[in-house]
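These notes are about the structure you will find just below.
Since we're looking at a predicted model, the values are computed, not measured.
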Amino acid sequence: MYIEGSLVPGEVTSQERRAADQPQSRVLGHVVQCDGARAVIAATIGTDELSLAAIWTVGKIISINLGKTRTVGLIYAIERPGRRWDDTDVNPIMVHVELIGEVRDQTGTPVFDRGITEYPYIGALAHRIRAQDLRAIYDLGGRRSVTIGHLSQDSSIDACLAVDETLTHHFAVVGTTGVGKSTAVSLLLRKTIAARPDLRVLILDPHNEFAAALPEHSVRIDTSTLDLPFWLFRLEELVEVLYRGREAVAEEVEILRDLVAQAKHAYRSPGTAGLLRRGGDGSITADTPVPYRMAEVLRLIDERMGQLESKGDRPHYRQLRARIEAALADPRYRFMFSSHLIEDTIHETVGRIFRIPGDGRPVTCFEMAGLPSEVVNSVCSVLARLAFELALWGGGKLKLLILCEEAHRYMPADPRLGFAPTRHAFSRIAKEGRKYGCYLGVVTQRPGDLDPTVLSQCSTIFAMRLANEQDQAIIRSAIADSSASTLAFLSAMGQREAIAFGDGVATTMRMKFEKLPDALLPGTKDNFGDRNREPEDTAGLDDVDLARIVERMRNAGRRGRAATFTGETETSGPLHEPSAFGSIGAPASRFTR
């Protein structure tokens, strides 16, 4: 190991761990072949040593004694030459290992180094790794860490995670359905919040399951309590809402671009008779986050339709007006177009969504199960963009984590799918967010369908069971070559088990997450109505209240006026730091529900 430019030799210590009367051949092997990345160990197993042969099993880490150092290897294959077994004599076996680093003693303490400075020689002794050497391999060297589970190989050794490196370099949790991704994410959030109380977390929760897992840390925002003014939407995001995911008409979009800019100018300067200032620092565009009234846009449409020079464009004006009126009349969109959202309420909106101030609950569970599917992409785009700009203009004082459950929905690998502004907003966080304190957490069951640019920016990955070959190939391309054999276990791992690799861990490790209490598992509580009530009797197979279900469907878009989240009264306060839009628009005004 090199320290401050000089080579520090290891101490020569005895590698012998066997009793004096123990046979020399017992559970030991010798190196018979080695290249730059792998080695082959020859060993023998007697008929009376089958219980000890468990040391030579796939997935175990072994040690090769080189005197001053001990090379560490991961067993990825084992075979009996000739593929036959002799019950009357010893059986030779060949053990294939991948070299992952070396351990040397410094002042009596083992220290692990990922590099290999001295390769095993033919005949070098191989044996079960010492427990203290195994701890040294996964030691984080004094970095701020939390314990998230234990090693699969040795349950007595904790699996630790470097919190700061995991956050600042982004992280991903991948795995097929039912392996415990959401539970693992809940555990990671709990540990991270305890270690980083300054962190604020926004969870994009498509299944409304995380509020139940973090009851003491989180507030809930759903369609009945969401206030996201339409004037915060950029033009392309508003177009996505108005056209409901269908292809937009270019002529109508250009008309809308001009009218929205005029409506914003009329709101700020009502005495200018709609004259739009152009150029200079005070110019207003359709993307400027300034309040305006949709009634003003409709008035401008009517005014233009009455002009002779607009005769040829009247069908476009009529269609655009019909689209706007349909959105205004849809009760599911009241979180955008409610009448009280016309005022400049950006301080309240941003402060409530991003928990500024946090009031002891730094996590926002943004529940999207009841959100119209055609506006999900636009809403996610707005939230991701606001998060980045808050961190950018907050001067590094705000630390935000955006956790994307089912991230392949918003950031698909195929650029023809999804919503481009949403993909760009999250990609910007992935590429630049760490500089300003905006971090990204990605959770997906299909890493092969996720934008590879985003996944490549996640420097810590927890890979749980993956059965799809394409998904395995994606993870295989992200892991270091010296640990590639570890991924051979991806299709056979158990519940809550994961292979963790990247900046957040000392070295690639196969580990098992801690078990959470049943009451704190995601999705264990009812997503509708009172979450604390007793479960209904389901003994009768036909005991289904269809009238109640239909009533819920009809009321899904109606706004509830009670501003409560998880039983706590929601409080909104002004931003501690100047808003990203503080110099734009009228001063923020409080509103009453």
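Across every non-hydrogen atom of Ser186 and Leu516, the tightest pair is CB-CD1, 4.0 Å. Closest approach of Gln262 to Leu300, counting heavy atoms only: CB-CD1, 3.8 Å. When every heavy atom of Ala387 is checked against every heavy atom of Leu400, the shortest pair comes out as O-CD1, 3.5 Å. In terms of heavy atoms, Ala391 sits closest to Cys438 at CB-CB, 3.7 Å. Residue Asp198 comes nearest to Lys399 through the heavy atom pair OD2-CG, 3.5 Å, listed as atom of the first residue, atom of the second, then distance. When all heavy atoms of Ala506 and Leu140 are compared, the pair lying nearest together is N-CD2, 3.5 Å.
Under the side-chain contact (heavy atoms from CB on, under 4.5 Å) rule, Phe354 has a single partner from Thr349, Val201, Leu202, which is Leu202. Shown are Val443, Asp205, Val442; of these, the side-chain contact (heavy atoms from CB on, under 4.5 Å) with Leu403 is made only by Val443.
Using a 3.5 Å distance cut-off with no hydrogens or angles, the side chains of Glu209 and Ser182 do pair a donor with an acceptor. If you check the side chains of Tyr317 and Glu252, you find no donor sitting under 3.5 Å from an acceptor. Checking Ser381 against Glu237 by side-chain atom types alone, a donor-acceptor pair falls below 3.5 Å. Donor-acceptor pairing under 3.5 Å is recorded for the side chains of Thr288 and Thr285. Remark: the His207 side chain and the Glu367 side chain contain no N/O donor-acceptor pair separated by less than 3.5 Å. With 3.5 Å as the limit, one finds a donor-acceptor pair spanning the side chains of Thr177 and Gln445.
Salt-bridge formation is not detected for the pair Glu497/Arg465: no Lys NZ or Arg NE/NH1/NH2 atom is positioned less than 4.0 Å from an Asp or Glu carboxylate oxygen. A salt bridge links Asp164 to Arg196: at least one charged side-chain nitrogen sits closer than 4.0 Å to a carboxylate oxygen. Classification of Arg332 and Asp330 as a salt-bridged pair holds, one side-chain N sitting under 4.0 Å from a carboxylate O. Ion pair Asp287/Lys264 not flagged as a salt bridge, since none of the NZ, NE, NH1 or NH2 atoms sits closer than 4.0 Å to an Asp/Glu carboxylate oxygen. Checked for salt-bridge contact, Arg257 and Glu254 meet the test: a charged N lies under 4.0 Å from a carboxylate O. By the 4.0 Å N-to-carboxylate-O rule, Glu216 lies close enough to Arg190 to be salt-bridged with it.
Taking OG1 of Thr364 as the start and CD1 of Ile203 as the end, the distance is 8.5 Å to the nearest 0.5 Å. Distance CG/Leu520 to CG/Asp518: 9.0 Å, rounded to 0.5 Å. How far CD1 of Ile461 is from CD1 of Ile475: 5.0 Å, rounded to the nearest 0.5 Å. Here Phe419 contributes atom CZ and His424 contributes atom NE2; the two are 10.0 Å apart, rounded to the nearest 0.5 Å. Between atom CZ of residue Arg352 and atom CD1 of residue Ile221 there is a gap of 5.0 Å, rounded to the nearest 0.5 Å. Atom CG of Leu235 is separated from atom CD of Glu240 by 12.0 Å, given to the nearest 0.5 angstrom.
Gln495 has its side chain out of reach of Met464: every pair of non-hydrogen atoms, C-beta onward, lies at least 4.5 Å apart. In this structure, the side chains of Val219 and Asp359 stay at 4.5 Å or more apart for every pair of heavy atoms. Between Leu188 and Leu161 there is a side-chain heavy-atom pair separated by less than 4.5 Å. You'll find the side chain of Leu199 reaches within 4.5 Å of the side chain of Thr192, heavy atoms only. Residues Phe335 and Val379 form a side-chain contact, since some pair of their non-hydrogen atoms from C-beta on lies under 4.5 Å apart. Between Arg355 and Pro362 there is no side-chain heavy-atom pair separated by less than 4.5 Å. Val253 is not listed as a side-chain neighbour of Val249, based on a closest heavy-atom distance of 4.5 Å or more. Two residues are said to be in side-chain contact when any heavy atoms from C-beta on lie closer than 4.5 Å; Thr147 and Glu514 meet this criterion.
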Inset, instruction - Might you work through the side chain to side chain contact (heavy atoms under 4.5 Å, CB included) test for Arg361 and His217, ending with a clear yes or no? - result: CA-CA 4 Å; Arg361 291 173 176 262; His217 296 297; 5.9 Å; no
Legend entry - Trace of the side chain to side chain contact (heavy atoms under 4.5 Å, CB included) decision for Leu320 with Ile301: CA-CA 9 Å; Leu320 179 59; Ile301 290 177; 4.1 Å; yes
Legend entry - Verdict with supporting geometry, Asp227 and Glu348, side chain to side chain contact (heavy atoms under 4.5 Å, CB included): CA-CA 9 Å; Asp227 286 326; Glu348 285 83 0; over 6 Å; no
Inset, instruction - Tell me, with the steps shown, if Lys435 and Glu432 meet salt bridge (Lys or Arg N to Asp or Glu O under 4.0 Å). - result: CA-CA 6 Å; Lys435 304 175 185 176; Glu432 307 174 41; 5.3 Å; no
Inset, instruction - Determine, stepwise, if the pair Glu389 / Arg234 fulfils salt bridge (Lys or Arg N to Asp or Glu O under 4.0 Å). - result: CA-CA 14 Å; Glu389 293 183 6; Arg234 287 183 173 174; 3.6 Å; yes
Legend entry - Chi angles and distances behind the side chain to side chain contact (heavy atoms under 4.5 Å, CB included) call for Leu398, Ile356: CA-CA 9 Å; Leu398 287 174; Ile356 308 171; 3.9 Å; yes
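Checked by atom type and distance alone, the side chain of Lys181 pairs as donor or acceptor with a backbone atom of Gly175 at under 3.5 Å. Within the 3.5 Å criterion, the main-chain N or O of Ala162 finds no donor-acceptor partner in the side chain of Arg143. No donor-acceptor pair closer than 3.5 Å links the side chain of Asp258 to the backbone N or O of Ala261. Listed for the His170 side chain is a donor-acceptor partner under 3.5 Å among the backbone atoms of Ala430. Side-chain atoms of Arg385 never come within 3.5 Å of backbone atoms of Ala425 as a donor-acceptor pair (strictly under, hydrogens ignored). Between the side chain of Ser456 and the main chain of Thr453, a donor-acceptor pair closer than 3.5 Å is present.
Taking the centre of each ring, Phe171 and Tyr439 stay at or above the 6.0 Å mark.
Ring pair Phe337/Tyr333 is tilted by interplanar angle, where 30° to 60° counts as tilted. Using the six-membered ring where Trp is involved, Phe426 and Tyr410 have ring planes that are parallel, under 30° apart on the 30 and 60° scheme.
Scanning for salt bridge (Lys or Arg N to Asp or Glu O under 4.0 Å) contacts around Arg321 gives Asp302, Glu325, with sequence neighbours left out. Residues passing the side chain to side chain donor-acceptor pair (under 3.5 Å) test with Asp471, sequence neighbours excluded: Arg446.
Heavy atoms from other residues, nucleotides or ligands lying under 6.0 Å from NZ of Lys191 number more than 12.
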